[in-house]
Amino acid sequence: MTILDGRKTSNDIKKEIKAEVDKMKADGEKVPHLAAVIVGNDGASLTYVGSKVRACERVGFESTMVRMSNTTSEIELLDKIGELNDNDDIDGFIIQLPLPPQINTQKVLMAVNPDKDVDGFHPTNFGKMALDMSTFIPATPFGILELLDRYGVETKGKHTVVIGRSHIVGRPMSILMGRKGFPGNSTVTLTHSHTKNITQITSQADIIISALGVPKFLKAEMVKDDAVIIDVGITRVPDTSEKGYYITGDVDFENVSKKASYITPVPGGVGPMTIAMLLKNTLLAREQHRK
């Protein structure tokens with residue numbers, strides 16, 4: 001069994017990006033600039049955006065964090081997005097989700113200029129991805145593809161089962177794993193909360209990508225020997241420790257890992273890859289704007 005080490009791989013990617021940025025600086029070129037908009041004071045969102053800003057510093061990007069209050073109106077947020085769209089100094093920006101209830105998330109994501117949508121959530125970019133055109137791939141699916149690629153995990157002709165159909169992970173992964181090329185060319189089954197006999201389906205899978213958000217959902221008896229397991233779930237489960245919780249994924253790692261050929265740990269698997277690929281998308285945006 002091989003651990004698909006997201007921490008190590010993401011560090012490798014950041015070093016590669018830093019080398020490219022260093023070359024840009026040496027050539028007197030503008031370096032990539034990523035902005036992040038956060039509305040409200042959600043602790044997890046603040047932590048996540050803070051880690052994105054630190055990652056930008058590490059690779060030599062410029063970064064801007066736009067903080068807006070919990071009472072921000074939809075119009076105020078749309079005005080701010082308009083400013084970022086028009087600011088030629090900013091190559092890409094993200095809107096940290098979730099947004100407060102008074103704001104229509106779909107309307108906000110639609111307002112982002114697709115050329116600066118480094119999260120890959122705009123319908124224009126999602127459509128291009130579905131049509132196998134060059135575009136920004138959402139960072140978490142992009143990170144999963146990169147892990148499969150760098151570890152040389154065979155996907156051609158394999159049966160991939162995706163658990164969960166979110167727009168952020170499940171649905172794009174089902175499209176990407178079925179595309180022509182590598183990683184891809186697999187036969188994909190997309191499962192979700194209404195799927196019947198899910199164990200029957202997962203037990204036939206060569207590759208399982210679980211993005212359900214249910215702690216330890218995938219048990220050893222649901223997996224065949226030598227399956228490849230990608231665990232996208234990350235949940236805080238309360239316990240009696242000093243922290244008051246422990247972090248776990250969708251997969252019963254202790255038991256499933258005994259049967260798997262490759263598996264991602266939680267934490268330290270898919271999570272670190274998400275930020276690395278957001279940086280990669282921002283670098284791609286800078287290169288496109290330069291052209």
Measure the CG-CE distance between L147 and M277 for me, rounded to the nearest 0.5 Å. 9.0 Å
Roughly how far apart are K158 NZ and I207 CD1, rounded to 0.5 Å? 7.5 Å
Okay, side chain of H122, backbone of M110: is any donor-acceptor separation there less than 3.5 Å? yes
Group every Ile, Leu, Val, Met, Phe, Trp and Tyr by side-chain heavy-atom contacts under 4.5 Å, then state whether V53 and L278 land in the same group. no
Count the heavy atoms of every other residue, nucleotide or ligand shown that sit under 6.0 Å from CE of M68, and state whether that count exceeds 12. yes
Do I175 and M173 share a hydrophobic cluster (ILVMFWY, side-chain heavy atoms under 4.5 Å, transitive)? yes
Tell me whether L78 shares a hydrophobic cluster with I95, the cluster being built from Ile, Leu, Val, Met, Phe, Trp, Tyr side chains joined at under 4.5 Å. yes
So which residues get pulled into I247's cluster when ILVMFWY side chains under 4.5 Å apart are joined, directly or through others? I234, Y245, V266
Partner of V232 under side chain to side chain contact (heavy atoms under 4.5 Å, CB included), picked from T264, I168, I144, V162, is I144
Out of curiosity, T187 OG1 to K156 NZ, how far, rounded to the nearest 0.5 Å? 12.5 Å
Does D89 form a side-chain contact (heavy atoms from CB on, under 4.5 Å) with K30? I'd like the steps, not just the answer. CA-CA 9 Å; D89 188 52; K30 178 191 174 303; 3.2 Å; yes
Decide side-chain contact (heavy atoms from CB on, under 4.5 Å) for R150 and I13; before the verdict, give the C-alpha distance in whole Å, the side-chain angles of both, and the deciding distance to 0.1 Å. CA-CA 11 Å; R150 292 189 180 225; I13 292 165; 3.6 Å; yes
Look up atom CG in L84 and atom NE2 in H33, then write down how far apart they are to the nearest 0.5 Å. 9.0 Å
Would you indicate whether K18, at its atom NZ, is surrounded by more than 12 heavy atoms from other residues, nucleotides or ligands within a distance under 6.0 Å? no
Look at the side-chain heavy atoms of Ile, Leu, Val, Met, Phe, Trp and Tyr, link any pair under 4.5 Å apart, and say whether F126 and L145 land in one connected group. yes
How far apart are the closest heavy atoms of K128 and S134, and which atoms are they? CD-O, 3.9 Å
Any salt bridge (charged side-chain N to carboxylate O under 4.0 Å, His left out) involving residues 217-245? Give me the pairs, sequence neighbours left out, ordered by first then second residue. D206-K224
Could you go step by step and tell me if M129 and L176 meet the side-chain contact (heavy atoms from CB on, under 4.5 Å) rule? CA-CA 8 Å; M129 179 198 70; L176 292 163; 3.8 Å; yes
Sub-3.5 Å donor-acceptor pair from the side chain of Q102 to the main-chain atoms of E74, do we have one? no
For G184, is there any backbone N or O sitting under 3.5 Å from a side-chain donor or acceptor partner on T155? yes
Does K52 NZ have over 12 foreign heavy atoms under 6.0 Å away? yes
Applying the side-chain hydrogen bond (donor to acceptor under 3.5 Å, both in side chains) test to K8, which of D12, D5, N11 qualifies? D12
Stepwise, does the side-chain contact (heavy atoms from CB on, under 4.5 Å) test hold for R286 with E20? CA-CA 12 Å; R286 170 86 290 269; E20 291 197 47; over 6 Å; no
From CA spacing to verdict: side-chain hydrogen bond (donor to acceptor under 3.5 Å, both in side chains), T282, D91: CA-CA 7 Å; T282 307; D91 296 296; over 6 Å; no
Other than I263, which residues form its hydrophobic cluster under the rule that side-chain heavy atoms must be closer than 4.5 Å? M1, I3, V161, I163, I198, I201, I208, L212, V214, F217, L218, M222, V223, I229, V251, F253, V256
Hydrophobic clusters here meaning ILVMFWY residues chained together by side-chain heavy-atom distances under 4.5 Å, can you tell me if I137 and I17 are in one? yes
Would the distance check show the side chain of K14 and the main-chain N or O of A55 forming a donor-acceptor pair, the cut-off being under 3.5 Å? no
Without swapping roles, check the side chain of K216 against the backbone of T248 for a donor-acceptor pair under 3.5 Å. no
Any carboxylate oxygen within less than 4.0 angstrom of a Lys/Arg side-chain nitrogen, looking at R54 and E57? no
